[in-house]
Structures are given as C-alpha cells and as structure tokens.
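Sequence positions, counted from 1, serve as the residue numbers for this chain.
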Amino acid sequence: MEGLPRPGWFGFGFRGFGQALGSERGLRGSLQGPEPLVVGGLGAGDPEKDAAAQVTQVRPSWSFTGFLTRDGRLVLSGSVNGQLPGCRDLLASEQHLLVLRTETEGSPAEMQAWAAAPELRGTPLWTRQILQRGDPPNPALLPLAPEPGWYVRPMQPFSQPLCPDLKARQLVYTWGTGRLGQLGHGALEAELVPRPVEALLGLAMAQVAAGGWHSLCVSEAGDLYIWGWNESGQLALPSRTIAEREKTVAGASGLSSCSPEAKKPATDGDGDLAQFIAIQPFPALLDLPSGSEVIKASCGSRHTAVVTRDGELYTWGWGKYGQLGHKNTASLDQPQRVDYFTDNLLHVEAVICGPWNTYVYAVKGKD
C-alpha cells in the first residue's frame, strides 16, 4: 500500500549521543515512536540499499550502537564511530567491543577486543583465534564461545569453564550480583558460579534475556517468565513509583478523584494502597493481553519488549526517552501493544532493547 513504511529495521528511544535510530524529527536526544532505521554511510537515498534493508543485526550499548550488515561490515554509530569488515557478531559495552571476525574468506575466525574509543582505528587490544572442531569452521555467535562448555567476558581472561555436565545452548542458569532478585533464586545474594533457576527446572526454554536489573525467559510453548527489580514496572507487576506518579499528574491536572480521566492507584478493601511489588526474586508467569504467545523478548535497563506469535510488539517499563514506542514518555507497569506496526500492516519478527532504546525488525504483514 502506497505511503506505508518499507519492511526492515525500526528504532525509537534514547539517542543522546547521536546513535542511529530513525529520522532527525522529534525531541532532541530521543525518538518517542518507531521510525525506519537511518544509519549514516548506509543507503545514501537508494531504496534498495537503505539501512533498514542492509542491516541484519543490531547490538546496542548505552551511548553507541553496532550494526551488522549483509556484506559482513560492522558499522558503529554514536559515541563510538567507525567500520570493520568481516564481522559476524559483536558484544558491546561502554569500555570494550568484543568482535567475532573472519577477516578474509577461508581464514580462521577470531575474537578481537577493541577499546570503545570515539574512532575505531588501529589494531585490537588482543586477538584470539577460535579453534573449531570439524571442517569447515562454523563459529557460533556471541555471547557463547564456539568451544563447548565455555562462556565469554569482555576482558581477558575472556572465557571461563562451565560445569563439565553442561552443554551450553540457551541456559536458564544465572550468576553474578543478585541484590535486586535478578538471578531468580528466591534470594538477594550474589552467585559466583552458574546456578540453575530451580523454579524453571523441567520446562523447555527457547530464549533467555537479561536487563539492567531484571531477567526473563520464554518457553518453547510461548510462556513468558520474568523476575528481578520492578521499580519502573519492567516486570509488568504493580509499581508504586508509577502509581504515585499517576496520582501526582492527576492532581496537577486538576482532575477530581471521581473523574473518569483520573487513573487512581489500586486500593485494598480498607482503602489503602494495594500491594506493590518492588522485587520479584523468583520467576513469575506473565500473561499478555488476549493470551498471546511470546516468540521473542528483550530487556533494556528498565524496560521490556516482547514479540508475539501473531507478529505484534508489546512493551512496558521505564519510558522516559520514548523507548516503549507509544509516542510519549510515560512508564507502564502493564504490557501495551505498539500500534505503529499493526497500523502500518507490519508483522514484527524481532526486537532488541538497548539500555534506553529499542530496535525492531518487521516484515510486510498480511493484508
């Protein structure tokens, strides 16, 4: 249909360092609703070569984003700029870039660590060749190393052995800091080694994701389990912060407590504020509206996004920079569909959350 956006990548949310999202319209430093991805150096006005079509994968950090293209380039945008050829995948942090590269056809794959400097140039900080069993080499994508039983870190030593009994794929094992319940073990203690999330034992999982202080996993049946910190409603559980903000906004607008436009916080039978959940230390099963099944999910610093089997995108949590895609900066503690894609007859296939922004891949939907 004429006038509808072309299928491809879309972006919205924080862009305070100039990282690529959509057009230059909107508030400075943020984009509150989805727009087709625009990446400097890609496309130059040619519809067949625009960024939305060329980019195959997105790897966001807080102040910059890495884009992997069909021809194997890594294009960086934001506080870090530059390009690298022969790239297969990237782990991005504010200090380092860990890149999986095959610089020339037929050469062994390498993991390279680069400093996250304003201009990516010179040589990597260190390089390690990947020894792959079998021929020809077919290295796995990050963050799992292709050597069985290992996982990677941004700095040397960049890999650590897992338990010998484990064969790493999509694991529901967690470790690290746990003071906000993000490990899902029911306690708020740190774990120094990978530990299974016992509440999920026996369930076949298809995907895991971790945000700043919350985590989730998607079962093969399309069920969504989520746990950790809920300060901004990122778990889609009742948030005191959001309820108090809505009450303040209603009062500042001059709406009476009985006005239908004033959304009041939930109360219990005694008229007190209902039970709010700040920390959920073990996995909670979350139902989406209409019982939709989830196929993909991602976590930002304090927001969450999921793709349903019907190709719809739902977001919730912290929305200060428009990262929820609802054309506003409101935070939500309930899943809400991003209508842009359904309104434009687009079927969402993937979502990737940066800390404060969101990238979505969508194809043409059924008329």
Could you check whether Glu231 pairs with Arg302 (Lys NZ or Arg NE/NH1/NH2 to Asp/Glu carboxylate O, under 4.0 Å)?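 Salt bridge present between Glu231 and Arg302.
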
So that I can tick it off, tell me whether Arg337 and Glu312 are bridged by a salt bridge, with the cut-off set at under 4.0 angstrom between side-chain N and carboxylate O.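 Counted as a salt bridge, because a side-chain N and a carboxylate O are separated by less than 4.0 Å.
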
Between the side chains of [X] and [Y], is a donor N or O closer than 3.5 angstrom to an acceptor N or O?
X      : Y      : value
Glu94  : Ser63  : yes
His303 : Thr315 : no
Ser215 : Tyr225 : no
Gln54  : Arg70  : no

Within a 6.0 Å radius of atom CZ on Arg179, are there more than 12 heavy atoms belonging to other residues, nucleotides or ligands?
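No, CZ of Arg179 has 12 or fewer neighbouring heavy atoms, counting only those of other groups under 6.0 Å.
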
Can you confirm whether or not the ring centre of [X] sits under 6.0 Å from the ring centre of [Y]?
X      : Y      : result
Phe282 : Trp227 : no
Phe17  : Trp62  : yes
Phe10  : Phe341 : yes

Taking atom OG1 of Thr358 and atom CD1 of Ile352, what is their separation to the nearest 0.5 Å?
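That separation rounds to 10.5 Å.
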
Test side chain to side chain contact (heavy atoms under 4.5 Å, CB included) on Cys217 and Leu200 and set out the steps.
CA-CA 9 Å; Cys217 63; Leu200 300 173; 3.4 Å; yes

| message | Go through it in stages, so that I can follow the logic: the residues are Thr308 and Asp310, the test is side-chain hydrogen bond (donor to acceptor under 3.5 Å, both in side chains), and I'd like the CA-CA distance, side-chain angles, deciding distance and then a yes or no. | response | CA-CA 5 Å; Thr308 69; Asp310 295 328; 4.9 Å; no

Worked verdict on Ser331 versus Arg245 for side chain to side chain contact (heavy atoms under 4.5 Å, CB included):
CA-CA 9 Å; Ser331 298; Arg245 185 179 300 128; 3.8 Å; yes

List the steps and the verdict of side chain to side chain contact (heavy atoms under 4.5 Å, CB included) for Leu90 and Leu74.
-> CA-CA 8 Å; Leu90 164 73; Leu74 169 62; 3.8 Å; yes

Using every non-hydrogen atom in the two residues, find where Leu346 and Pro5 come nearest and quote the distance to one decimal.
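Scanning both residues completely, I find the closest heavy atoms to be CD1-CG, 4.0 Å.
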
Same cluster (ILVMFWY, side-chain, under 4.5 Å), Val348 and Phe12:
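Yes, because Val348 and Phe12 connect within a single hydrophobic cluster, where side-chain heavy atoms sit under 4.5 Å apart.
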
Open item on the list: Determine whether His326 and Val338 satisfy the following criterion, side chain to side chain contact (heavy atoms under 4.5 Å, CB included), listing intermediate values before the conclusion.
Closed with: CA-CA 6 Å; His326 302 304; Val338 180; 3.6 Å; yes

